[in-house]
Amino acid sequence: MKILLVDDHPIVRAGCRRMLEQSLGAEVVEACTGREACRLAMESAPDVVILDLTLPGMGGLEVLEALRAQREDVRVLMFSMHPNPVFAARAIQSGARGYLVKSASPDDLLDAVREILAGGIYLSPEVAKGMALAALCEDADPVKELSSRELEILRLLGKGSDLAGIAAALCLNYKTVANSLTRIKGKLGLRHTGELVRLAIEQGLTDAAEGVKSSRR
């Protein structure tokens, strides 16, 4: 079994690698950025990819889409700090085979990998509950029309970043971010940036990751 482990925290990778090697006898390949993950996925053809939601450079959802474009049957387990149903639903809709929160037990990670290898889909219990509750509300996902990049821009905006900060974090130019915000407002039917910030907070997008990092996507 070969597993590609994608996370920008060395301590997280070290702990997960040790567990996967010892408990599953897996060969683990590590990546710390999305672009590196895409390259290694092509080179190593892993059986499972464990993919952090928030990464420097490309974000996790964009990496998922890129991996699926490379190989449609790739098995990806999204790995996130928080059980946000918006991001979990987007990941599953984009082809992820599971969504696991980092607060889960080591056995949960092993169970998730085994379930995905067996052809199933694994969701952390709190994630499954949140998605089920959201599905009961007709307009539970007002950001469903946003692209993965637009969703990340909205998240960073909700975290308090200004346009220059978002541009730096996502390795984009200022004008690209400004144009993206205009498109986001149009898709959501909003007029003011403050409304976007409020929506991001109300949807829990600002808690969907470990925090704003110095370099993303």
Sequence-distant partners of K2, side-chain hydrogen bond (donor to acceptor under 3.5 Å, both in side chains), two or more places apart = none
Report yes if some heavy atom in the side chain of E115 is under 4.5 Å from a heavy atom in the side chain of I121; otherwise report no.
-> no
Compare all side-chain heavy atoms of V76 with those of M78 and state whether any distance is below 4.5 angstrom.
-> yes
Please list all pairs passing the salt bridge (charged side-chain N to carboxylate O under 4.0 Å, His left out) test where one or both residues lie in residues 71-86, with sequence neighbours left out.
-> R71-D73
So, T182 and N179: side-chain donor and acceptor under 3.5 Å apart, yes or no?
-> no
Non-hydrogen side-chain atoms of D7 and K102 separated by less than 4.5 Å = yes
Going by heavy atoms in the side chains, are E27 and M1 under 4.5 Å from each other?
-> no
Test item: side-chain donor near acceptor, T176 and N173, under 3.5 Å = yes
Non-neighbouring partners of E21 that pass salt bridge (Lys or Arg N to Asp or Glu O under 4.0 Å), sequence neighbours left out | R17
List in chain and number order the residues that pass side-chain hydrogen bond (donor to acceptor under 3.5 Å, both in side chains) with S23, two or more places apart in sequence or in another chain; answer none if no residue qualifies.
-> none
Work out which heavy atom in R13 is nearest to a heavy atom in E30; give both atom names and the distance.
-> NE-OE1, 2.8 Å
Using a 4.5 Å cut-off on heavy atoms from C-beta on, say whether the side chain of V49 contacts that of L67.
-> yes
State, yes or no, whether a side-chain contact exists between L190 and I184 at a heavy-atom distance under 4.5 Å.
-> no
Quick one: list whatever passes salt bridge (Lys or Arg N to Asp or Glu O under 4.0 Å) with R114, sequence neighbours left out.
-> D111
Do side-chain atoms of R97 reach the backbone of G119 as a donor and acceptor pair under 3.5 angstrom?
-> yes
Nearest heavy atoms of L77 and A112, plus distance in Å | CD2-CB, 3.8 Å
Would L170 and E152 satisfy side chain to side chain contact (heavy atoms under 4.5 Å, CB included), going step by step from the backbone distance to the final call?
-> CA-CA 9 Å; L170 301 183; E152 179 61 10; 3.9 Å; yes
Full working for side chain to side chain donor-acceptor pair (under 3.5 Å) between S80 and Y99 = CA-CA 8 Å; S80 175; Y99 193 100; 3.2 Å; yes
Test item: T193 and L163 side chains (from C-beta on) under 4.5 Å apart, heavy atoms | no
Considering residues at least two apart in sequence or located in another chain, which fulfil the side-chain hydrogen bond (donor to acceptor under 3.5 Å, both in side chains) criterion with S44?
-> none
Looking only at heavy atoms, what is the nearest atom pair of L109 and C16, with distance?
-> CD2-SG, 4.0 Å
Heavy-atom check, side chain of I166 versus side chain of Y174, under 4.5 Å = no
